[in-house]
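Read through the structure below, which is laid out as structure tokens, and then see the notes.
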Amino acid sequence: MIDLRSDTVTKPTPAMRRAMAEAEVGDDVYQEDPTVNRLEARAAEIMGKEAGLFVPTGCMGNTIGMTVHTEHGQEVICDSRAHVLNYELSMMAWFAGCLARAIPTERGHLSWEAIAKEIRPVGPHAAPTGLIAVENTHNVAGGTVYPLEQLAEIKRGAESRGLPVHMDGARFFHAATALNVAPVEIAQYADTVMFCLSKGLGAPVGSMLVGTQKQMDKGRLLRKRLGGGMRQAGVLAAAGLVALEEMRGRLGEDHANAAYLAEALAQLPGIAVEPYAGTNIVFFDVAGTGMTAAELADRLLAKGVVMIAMGPYRMRAVTHFDVDRAACEEAVALLGQLLHN
Ligand SMILES: *Cc1c(COP(=O)(O)O)cnc(C)c1O
């Protein structure tokens, strides 16, 4: 199987399995797991924040991040294709008690100009704005990377209005790799950042939330309330540390493979590749093949290639460390056979 569905499908590396087997552990609800403590401190250090919080999933990290910043009855400004809005079971409403104020965008990126227009006036009718949420890289927009200047402008504007910024950085390090900047260069423009250890970085489980000590203290209580108070979680955190230390540096390979896919898929009949954003995600339209994305996905599956249908004619391929260049070439060849027959 050549699995290009998502970068979540990666299996832990031998180094991760060794680290897991040897992890020093304790009860993390009492904050006595040394490996979790090390991971949280290291994540905060890399991102230039005071503190970190290890969470089981990105969804929980976003939920805690958004709940820490807001009060019930507020609005959260996000883009209309945001993961926090469309793929997290309305957690914003369920847990944070907030309403999304969604802004349509070209590439998944908000601008301060667009945000400023949606900040509600204080008065007897409109719900107050409590938070601005940005997604970097942006999944459904095609792995697009926020230009730094645009983020800086959002942060400056948000500060001027006393509003916090949360970044859904499930693929944060893909953005840092694409821009070739240190993580702090991006993280400085958000009050809290969530990033996944379990996606391109290859850990089996886990995400991180980083921010101030005060935010993480509050977040720790929310994590417990959400059922995320894990005990000897150092077994998982050990893999997360390997992900942070050993896997960040190789994301460029995934980007190069995605660039290859974007170019090679565009040569196939009936396939229209969306502009490639420079990270590990490629979207393409299959209407010209006479098949729907679901039909094509089924036929591909029969040949041992897994890609995901993200719309009636829209398909997604995501590269990661369990598919190398040869596997990408084979996937393209198999798709080519299918289309030529
Ligand atoms: C995957 C993803 C998440 C959440 O991840 P889970 O760990 O699956 O809960 C959040 N935001 C974006 C943009 C994602 O792609």
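Counting starts at 1 for both ligands and their atoms, in listed order. By convention here, the first residue in the shown sequence is residue 1.
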Thinking salt bridges, do [X] and [Y] make one under a 4.0 Å N-O criterion?
X      : Y      : answer
Arg107 : Asp79  : no
Arg314 : Glu274 : yes
Lys155 : Asp191 : yes
Arg156 : Glu159 : no

Would you say Ser198 and ligand 1 have an N/O pair spaced under 3.5 Å apart?
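Between Ser198 and ligand 1 (N or O atoms, distance only) the closest approach is not under 3.5 Å.
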What protein heavy atom is closest to [atom], reported as residue, atom name and distance in Å?
atom                    : answer
atom 13 (C) of ligand 1 : Glu135 OE2, 3.2 Å
atom 14 (C) of ligand 1 : Lys199 NZ, 2.7 Å
atom 9 (O) of ligand 1  : Cys59 N, 2.8 Å
atom 11 (N) of ligand 1 : Asp168 OD2, 2.6 Å

Which atoms of ligand 1 sit under 4.0 Å from any heavy atom of Gly58?
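In order of number, 4 (C), 5 (O), 6 (P), 7 (O), 9 (O).
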Taking 4.0 angstrom as the limit and counting only heavy atoms of Glu88, give me the atoms of ligand 1 inside it, by number and element.
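Close to Glu88: 10 (C), 11 (N).
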Are Glu329 and Tyr260 packed together at the side-chain level, in the sense that at least one heavy-atom pair is separated by less than 4.5 angstrom?
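Glu329 reaches Tyr260 side chain to side chain.
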Strictly by modelled atom types, are Asn139 and Glu135 linked by a side-chain donor-acceptor pair under 3.5 Å?
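Per modelled atom types, Asn139 and Glu135 side chains form no pair under 3.5 Å.
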Are side-chain N/O atoms of Thr192 and His69 paired as donor and acceptor at under 3.5 Å?
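Thr192 vs His69: donor-acceptor pair found between side chains.
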Heavy-atom pairs closer than 4.0 Å: do any link ligand 1 to the side chain of [X], the backbone, both, or neither?
X      : answer
Asn62  : side chain
Arg171 : side chain
Ala170 : side chain

Of all the heavy atoms in His138, does at least one lie under 4.0 Å from an atom in ligand 1?
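False for this residue.
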Decide whether the shortest distance between a heavy atom of Met60 and an atom of ligand 1 is less than 4.0 Å.
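For ligand 1, residue contact (heavy atoms, under 4.0 Å) with Met60 is absent.
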For Leu89, I'd like to know if atom CG has over 12 heavy atoms of other residues, nucleotides or ligands within 6.0 Å.
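Atom CG in Leu89 is not packed in, count stays at 12 or less.
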Below 6.0 angstrom between ring centroids: does that apply to His138 and His109?
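So the answer is no for these two rings.
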Atom 7 (O) of ligand 1 within contact range, any protein heavy atom under 4.0 Å
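Protein heavy atom within 4.0 Å of atom 7 (O) of ligand 1: present.
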